[in-house]
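Positions are given from 1 along the sequence.
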Amino acid sequence: MPVWCCRCSLVGHFRNYNNPETEGQILNSLVQYFGDSFSRKVKAMPLVEETSLPEDSSLTLPVVIVGNGPSGICLSYMLSGYRPYLSPEAVHPNPILHSKLEEARHLSIIDQDLEYLSEGLEGRSSNPVAILLDTLLHPDADFGYDYPSVLHWKLEQHHYIPHLVLGKGPPGGAWHHMEGSMLTISFGNWMELPGLKFKDWVATKRRNIKSDRVTPEEIARYYKHYVKVMGLQKNFRENTCITSISRLYRDQEDDDQDSDDISTPQLQMEKAKFIKRNWEIRGYQRTADGSHVPFCLFAENVALATGTLDSPTYLKVEGEDFPFVFHSMPEFGAAISKGKLHGKVDPVLIVGSGLTAADAVLCAYNNNIPIIHVFRKRVTDPSLIFKQLPKKLYPEYHKVYHMMCTQSYSIDSKLPSAYTSFPEHHVLSFKTDMKCVLQSVSGLKKILKLSAAVVLIGSYPNLSFLKEQGYDLGHNSNQPITCKGNPVEIDPYTYECTKEANLFALGPLVGDNFVRFLKGGALGVTRCLVTRQKRKQHLIVERGGGDGVA
């Protein structure tokens, strides 16, 4: 009989392992296996030929995480055995929450009832566990206080859950591709991950810290360093591209539809073979010489942590594919760095009213490039992000907002100038002679000559590797997944997709666009997996006569 263990399903590697070890010894042996033998055997990645599948489930992992940004890093941290506890001397400023924490002080937060702890808390996330962990890490932060975290983290290696984190580039995800000279909207300590204070790290990297806000370049280096210093590297695989994630085993109804000619025992054997490798993940890894090495993995659970910056949102107007029309800050920044826009008399058209569009305005303005700023909203619209930012903390964004309000286009305006805003306007088309047709809310049209255009109206994740491109996972199954308008629909306490079992989503995919809140997703997923493992362990102990071996 094979040994069952709650930490992994690599039954094939332990079929003859029948020593009467305790649970802890079994777990330690598996941790040792995954820490040494696993990483040695599959140094680049566990790979099989793309055209073949293994006969057994010996390469089935408990968890595969897609995306190596802060969401994926934080989940790897908790799956690696790091546990948050209430600090011995800590007193949370919320007396009701503190009272609840005191009831189970000896337990880690992961082992407590997250719904009970989250009850009654309020914050800037729609996910209660995200608000809970943020409240514990940054008490009363939204009220302007800088209280220390009430948590301390312990590494408990026997809680390690084997997993792989797959990313397109180095750990840090999209932060490695953002405009490096801009400042983050969040404070540096809100960007940090558990166990390593950002201020402590950044103090060793630069002498003069003039602002609590930092550059994306610093954040990217911090995340890369975090993976190394926390000992998470063995779980990370860079330069990977996922081409498909699909189910190998579905529910009884799915099997019954195609099982007319299969005997019941045979059907049960087939189901037993595939149930432990619930998901098949296919893709390729880019090597140093530029070649693509295909791989195929099997996982019981998949966690989506891809963020939402993969694909820019398009206006879907005529001429938008012309080479002078950009759709990202890196593209625009590269054009400026290469000198393509310096000395141009014609203005740059910037479309959008969010912070990324404001970054583009600042970038052009600081490089003495004339700007035409087009957006659909009124300057008095209460939903504008600028109205939610304190002026003292974000003076550059309020400078942009002030220009939006005071330097708007009128019939008497003389273009070009350093900056002109076009509130309540939209783009009708781009022309081959580098002209753009705008239309106001009243229907008036205006043709402008441009040196370039930058469309920054949002983005959405590339989930093409999923069935129906992931559309069926959202609240509205007829629209693509977006952070604000149509996030992935999840259980609020486990982060499991409500429409697909054993598939989890966290971070911007579920509406948590700030690093402050995405850490709650890692807590919810880890809590869910730990709870299920304990449940399975209990059932197997009962069936196996109490020795923990079935």
Side-chain angles (χ1 to χ4, degrees), residues 177-182 308-379 384-386 396-397 399-401 403-404 407-410 413-441 443-460 482:
H177 307 292
M178 295 182 187
E179 178 63 32
S181 62
M182 298 298 171
T308 61
L309 297 177
D310 290 323
S311 302
T313 302
Y314 278 66
L315 295 169
K316 298 180 180 179
V317 299
E318 178 188 352
E320 194 173 4
D321 56 348
F322 288 146
F324 67 87
V325 182
F326 306 123
H327 289 85
S328 72
M329 272 299 296
E331 283 183 303
F332 183 47
I336 292 177
S337 298
K338 294 176 181 178
K340 293 182 178 180
L341 301 177
H342 287 294
K344 297 286 187 179
V345 176
D346 297 321
V348 166
L349 173 73
I350 297 173
V351 184
S353 59
L355 294 178
T356 307
D359 286 338
V361 169
L362 290 168
C363 187
Y365 192 87
N366 293 334
N367 282 277
N368 298 314
I369 301 171
I371 303 160
I372 293 173
H373 188 188
V374 175
F375 47 95
R376 291 178 176 269
K377 295 181 179 180
R378 306 186 313 275
V379 292
L384 285 173
I385 185 63
F386 310 101
E396 77 279 24
Y397 287 129
K399 175 182 178 180
V400 173
Y401 181 53
M403 291 193 300
M404 290 167 63
Q407 299 183 40
S408 59
Y409 169 77
S410 68
S413 298
K414 294 181 180 180
L415 296 177
S417 62
Y419 173 95
T420 305
S421 70
F422 282 75
E424 299 183 89
H425 279 71
H426 64 276
V427 176
L428 279 183
S429 63
F430 296 100
K431 302 300 182 183
T432 54
D433 56 357
M434 299 186 71
K435 290 182 179 179
C436 174
V437 181
L438 303 182
Q439 185 174 41
S440 70
V441 68
L444 294 177
K445 297 179 182 179
K446 185 169 184 62
I447 300 176
L448 300 173
K449 187 77 167 65
L450 311 174
S451 61
V454 193
V455 179
L456 300 169
I457 56 174
S459 60
Y460 55 93
T482 59

Subject >> Full working for side-chain contact (heavy atoms from CB on, under 4.5 Å) between Y397 and D359 >> reply: CA-CA 8 Å; Y397 287 129; D359 286 338; 2.7 Å; yes
Judged by atom type as modelled, is there a donor-acceptor pair below 3.5 Å linking the side chain of [X] to the main-chain atoms of [Y]?
{"X": "H373", "Y": "G352", "result": "yes"}
{"X": "T420", "Y": "Y409", "result": "no"}
{"X": "Y401", "Y": "V379", "result": "yes"}

Original post:
What do you reckon, is OH of Y365 surrounded by more than 12 foreign heavy atoms closer than 6.0 Å?
Top reply: no
Original post:
Around atom NZ of K435, are there more than 12 heavy atoms of other residues, nucleotides or ligands at under 6.0 Å?
Top reply: no
Nearest heavy-atom pair of [X] and [Y]: which atoms, and what distance?
{"X": "T482", "Y": "S459", "answer": "CG2-O, 4.4 Å"}
{"X": "C436", "Y": "V427", "answer": "SG-CG1, 3.8 Å"}
{"X": "K431", "Y": "V437", "answer": "CE-CG2, 3.9 Å"}
{"X": "S328", "Y": "V454", "answer": "O-CG1, 4.4 Å"}
{"X": "I371", "Y": "V361", "answer": "CD1-O, 3.4 Å"}
{"X": "F386", "Y": "M404", "answer": "CE1-SD, 3.7 Å"}

Would a 4.5 Å heavy-atom cut-off, applied to side chains only, mark [X] and [Y] as touching?
{"X": "Y460", "Y": "T313", "result": "yes"}
{"X": "P312", "Y": "V455", "result": "no"}
{"X": "L341", "Y": "N367", "result": "no"}
{"X": "Y419", "Y": "P370", "result": "no"}
{"X": "F422", "Y": "S440", "result": "no"}

Spatial distance of atom [atom1] ([X]) from atom [atom2] ([Y]) [nearest 0.5 Å]:
{"X": "L450", "Y": "L349", "atom1": "CG", "atom2": "CG", "value": "5.5 Å"}
{"X": "S408", "Y": "M403", "atom1": "OG", "atom2": "CE", "value": "12.5 Å"}
{"X": "S451", "Y": "M434", "atom1": "OG", "atom2": "CE", "value": "6.0 Å"}
{"X": "F324", "Y": "T432", "atom1": "CZ", "atom2": "OG1", "value": "8.0 Å"}
{"X": "L448", "Y": "F430", "atom1": "CG", "atom2": "CZ", "value": "11.0 Å"}
{"X": "I350", "Y": "I372", "atom1": "CD1", "atom2": "CD1", "value": "10.0 Å"}

Subject >> Of V351, L444, V374, the residue whose pairing with L438 passes side chain to side chain contact (heavy atoms under 4.5 Å, CB included) >> reply: V374
**OP:** Could you tell me whether the side chains of H327 and E320 share a donor-acceptor contact shorter than 3.5 Å?
**Re:** yes
**OP:** Step by step, work out the side-chain contact (heavy atoms from CB on, under 4.5 Å) result for F332 and V348.
**Re:** CA-CA 10 Å; F332 183 47; V348 166; 4.0 Å; yes
